[in-house]
Amino acid sequence: MQEQYRTVAREGVHEIEINKSRFLCALAPAANEEEAQAFIARVRKEHPTARHHCFAYVLGADGSVQKASDDGEPGGTAGVPMLQMLLRREVRYAVAVVTRYFGGVKLGAGGLIRAYGGAVGEALDTLGTVTRQRFRLATVTVDHQRAGKLENELRATGRAVREVTYGSGVRMEIGLPEADVASFRAWLADTTAGTAGFELGGEAYEDA
C-alpha cells in the first residue's frame, strides 16, 4: 500500500487562451468514480455551449483507476495528455475537465496535446496540491485524571488526535505512521505508568 500520495488542494478553475480558443480546466478532488463522474456532469451543465468537455481522472493511492476522454477531439490529443499530466505530477484521487470554446483557428494534433496537457499543468500550479500520508488508526483509553495532560502531550509531540470522547473513561482516536506504532506503545506506557489502553484499528490517509 502506498505510504503517501498527492492530490488537488481544492476545487477550482484555471483558464488559458491559445489562438483564440479558450481552455477552462476545472480540477477537483474525487474519492471515487461516482464523485468524478458527477463533477464532469456538473462542468458540462455549467458550459452547455462549449464544443468539447475532455476529462481525465486518477483514483486510488496507487493510481489503480485511470480514465480519459477526448470528447470529440482527435484521438489521443486531449484526454490522454491530461491524464499524463496528472500522472507526471503524481496526483491521485483527482479529476480534471478541460472545456474548450473553439476560437476558429485549428491547432493541429501537437498544438492540442500541448494545450490540453498544459491547461491541467497550469491549473495544478494555480490551485496547488497537498500530500496525504498513510496512518494507522488507533484508540487510546485513559482515566479522566490523566486525560488532559496526555492529550496536551500528544498534540505537543505532533500526534494526529482525531477525536476525543468522554465517558466512564476518555477515548482518544489518533493516527500513527506505521513505523511509529511500536515506539508509541512504549512512550504511552511510560507516560501513563502503564494505565492507558491501546488498540490498533484500520488505515487512513491524512494531510502530511
Side-chain angles (χ1 to χ4, degrees), residues 1-134 203-208:
M1 196 171 180
Q2 292 284 113
E3 285 303 312
Q4 63 181 36
Y5 68 87
R6 190 176 295 136
T7 193
V8 183
R10 59 189 173 88
E11 183 181 316
V13 180
H14 178 72
E15 179 177 342
I16 63 174
E17 186 175 315
I18 299 172
N19 286 352
K20 299 183 180 178
S21 278
R22 293 171 62 210
F23 294 85
L24 287 77
C25 180
L27 279 177
N32 50 50
E33 289 210 65
E34 290 75 17
E35 284 189 16
Q37 292 289 350
F39 181 73
I40 294 162
R42 175 153 61 89
V43 173
R44 285 182 185 277
K45 198 172 180 181
E46 288 171 359
H47 300 278
T49 61
R51 182 171 289 195
H52 305 284
H53 300 282
C54 307
F55 70 80
Y57 58 80
V58 183
L59 305 174
D62 55 356
S64 56
V65 177
Q66 302 176 14
K67 291 276 177 69
S69 168
D70 296 314
D71 193 38
E73 292 282 29
T77 63
V80 169
M82 291 169 63
L83 180 64
Q84 287 174 338
M85 183 60 71
L86 292 174
L87 294 172
R88 191 180 309 151
R89 297 289 189 90
E90 299 179 344
V91 173
R92 307 288 185 261
Y93 288 109
V95 54
V97 184
V98 175
T99 298
R100 182 188 183 191
Y101 286 94
F102 184 56
V105 180
K106 291 190 175 182
L107 302 182
L112 289 172
I113 289 168
R114 286 189 295 275
Y116 279 99
V120 174
E122 284 195 25
L124 288 170
D125 290 339
T126 301
L127 298 172
T129 59
V130 291
T131 299
R132 295 177 67 79
Q133 182 78 34
R134 184 163 70 98
E203 297 176 335
Y205 285 89
E206 293 185 343
D207 291 353

Looking only at non-hydrogen atoms, find the nearest pair between [X] and [Y] and report the distance.
X: V120; Y: A96; value: CG2-CB, 4.2 Å
X: F55; Y: M82; value: CA-CE, 3.7 Å
X: V130; Y: V8; value: CG2-O, 4.3 Å
X: T129; Y: R6; value: OG1-CD, 3.2 Å
X: A56; Y: L83; value: CB-N, 3.6 Å
X: V80; Y: A68; value: N-CB, 4.1 Å

For a 4.5 angstrom cut-off between non-hydrogen side-chain atoms, does [X] reach [Y]?
X: I40; Y: K45; value: no
X: F102; Y: H52; value: no
X: Y57; Y: E33; value: yes
X: L87; Y: V58; value: yes

Counterpart residues, side-chain hydrogen bond (donor to acceptor under 3.5 Å, both in side chains), relative to H47 (two or more places apart):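 For H47, the residues satisfying side-chain hydrogen bond (donor to acceptor under 3.5 Å, both in side chains) (neighbours in sequence not counted) are Y101.
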Pairing residues for E35 by the side-chain hydrogen bond (donor to acceptor under 3.5 Å, both in side chains) criterion, not counting sequence neighbours: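 E35: no side-chain hydrogen bond (donor to acceptor under 3.5 Å, both in side chains) contacts found.
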Can any side-chain N or O of [X] pair as donor or acceptor with the backbone N or O of [Y] at less than 3.5 Å?
X: T7; Y: Y93; value: yes
X: R100; Y: S21; value: no
X: T99; Y: H53; value: no

Nearest 0.5 Å, please: how far is [atom2] in [Y] from [atom1] in [X]?
X: R92; Y: Q66; atom1: CZ; atom2: CD; result: 7.0 Å
X: Q4; Y: Q133; atom1: CD; atom2: CD; result: 5.0 Å
X: R89; Y: L124; atom1: CZ; atom2: CG; result: 5.5 Å
X: Q84; Y: I113; atom1: CD; atom2: CD1; result: 8.0 Å
X: K106; Y: N19; atom1: NZ; atom2: CG; result: 13.5 Å

R44 CZ: over 12 foreign heavy atoms closer than 6.0 Å: yes
